[in-house]
Amino acid sequence: MGDTDSMEIRKLSGNVAAEIEGVRIGALDPGAPDSEALRQALYRHRVLILRDQDLDLAGLKRATAVFGPLLRVPYIAPAPEDPDIVRVLKEQDERDIAVFGGDWHSDFSFLDEPPGGSLLWAVEVPPYGGDTVWADQIAAWASLPANLKTALDGKRVIHLGAPYGVDHAPPPDLAVSRSVSMTRGDPDADRPRLHPSPRTYPPTGEKALFVNPIYTVGIEGLPESEAAEILKAAYAHATRPEFCYRHRWQAGDLAIWDNRATLHYAVNDYDGHRRLLYRTTWAGEAPV
Ligand SMILES: [Fe+2]
């Protein structure tokens, strides 16, 4: 699981993320040795950063196929240029709004088969701010206090796509981005899905804490107040700085993350500046 001849892998923090040098990912065939090395690096570090990637949208899609089959995510309107790509955009004049991903979460954990992971490629970045933070949930599970481990292990956690549903939809006057268009009001998003926490990280068999501050609303078999207390403590542990890597974006950066073993957070501190990234997603499996 090491470097290939041309590729260098350098850890970016103690528990999560590595920078990859010496690869032009847009030109890789999924069966090439470098592709296998990238997959192994992802499974080991959960987040990969590649700098100076001279991609286009077709290249971003080819890069996605290195990790899994391309997935069109629900509830978010795709980029006008390509139905397989989401444009993560905030315009210069969009102020005081909630941004896409502006709270700790993993993506779409309320689906029967949450996405395997995503790629995010930076095209235009603000002069400061707009960082993305990832938190490793394998390290979080391994060091979870025993009382919380006992409270969660063997139980399933209840996930709900509330922001996209009817019953718990956000207030209609909530100020959100006009540049990322979300579909709301789908009754199917109100159907709770139960997933185990921890879940097994399929590539390595390790256990990962699998709670989601946006989408988890309870624990199977526990009264609401007791579950809320356990989840609150689990969220606080899951996002401790020791498990995090915070990325300061430059144009041309490509981030690749495994959605099955990380949480992420889009820091919204750059009002007055335009920020544009393109995003793809690959399919995952039902958590076990
Ligand atoms: Fe996200």
Side-chain angles (χ1 to χ4, degrees), residues 16-17 42 46-49 60 63-64 67-68 70-79 84-90 94 97-123 125 129-137 140 157 159-165 170 174 176-177 179-184 186 189 193 195 199 208-217 235 238-239 243-249 253-270 275-284 287:
V16 67
L42 181 74
R46 270 80 70 185
V47 178
L48 303 180
I49 302 292
L60 181 60
T64 310
F67 303 96
L70 201 59
L71 177 76
R72 292 185 184 178
V73 295
Y75 304 116
I76 296 166
D84 289 317
I85 289 179
V86 167
R87 209 167 53 172
V88 178
L89 170 66
K90 192 171 106 164
E94 292 187 280
I97 58 163
V99 294
F100 179 59
D103 214 335
W104 281 109
H105 65 287
S106 63
D107 291 326
F108 300 109
S109 68
F110 59 90
L111 299 178
D112 292 321
E113 296 181 347
S118 274
L119 283 72
L120 198 52
W121 175 51
V123 173
V125 299
D131 297 357
T132 302
V133 196
W134 287 269
D136 187 59
Q137 298 305 290
V157 169
H159 297 247
L160 197 65
Y164 312 104
L174 178 73
V176 293
S177 167
S179 301
V180 180
S181 160
M182 295 194 199
T183 313
R184 301 190 190 272
D186 174 12
R193 266 75 154 201
H195 293 312
R199 69 179 290 186
L209 181 60
F210 193 55
V211 295
N212 193 323
I214 291 187
Y215 300 127
T216 48
V217 296
Y235 301 155
T239 56
F243 312 136
C244 292
Y245 168 67
R246 178 169 178 149
H247 188 63
R248 167 88 200 97
W249 291 98
D253 287 356
L254 176 71
I256 303 159
W257 72 91
D258 200 307
N259 191 51
R260 302 170 295 184
T262 56
L263 299 174
H264 56 278
Y265 186 113
V267 181
N268 180 18
D269 60 348
Y270 55 99
R275 179 178 183 269
L276 171 64
L277 305 91
Y278 286 103
R279 187 190 136 129
T280 52
T281 298
W282 73 86

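Just so you know, ligand 1 is whichever comes first in the structure, and atom 1 is the first atom listed for that ligand. Nothing fancy with the numbering, it's 1 onward along the sequence.
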Within 45° of the six-membered ring axis of Phe110 and under 6.0 Å from that ring's centre, is NZ or CZ of Arg193 located there?
-> no
Salt-bridge present (Asp107, Arg279; N to O < 4.0 Å) | yes
Which protein N, O or S atoms does the Fe ion (ligand 1) have within a distance shorter than 2.8 Å?
-> His105 NE2, Asp107 OD1, His264 NE2
State, yes or no, whether a side-chain contact exists between Arg275 and Leu277 at a heavy-atom distance under 4.5 Å.
-> yes
Angle class for the His247/Tyr245 ring planes (parallel below 30°, perpendicular above 60°, tilted otherwise)?
-> tilted
Does the distance from a Lys or Arg side-chain N to an Asp or Glu carboxylate O, for Asp258 and Arg46, drop under 4.0 Å?
-> no
With under 30° as parallel and over 60° as perpendicular, where do the rings of Phe67 and Trp282 fit, or are they tilted in between?
-> parallel
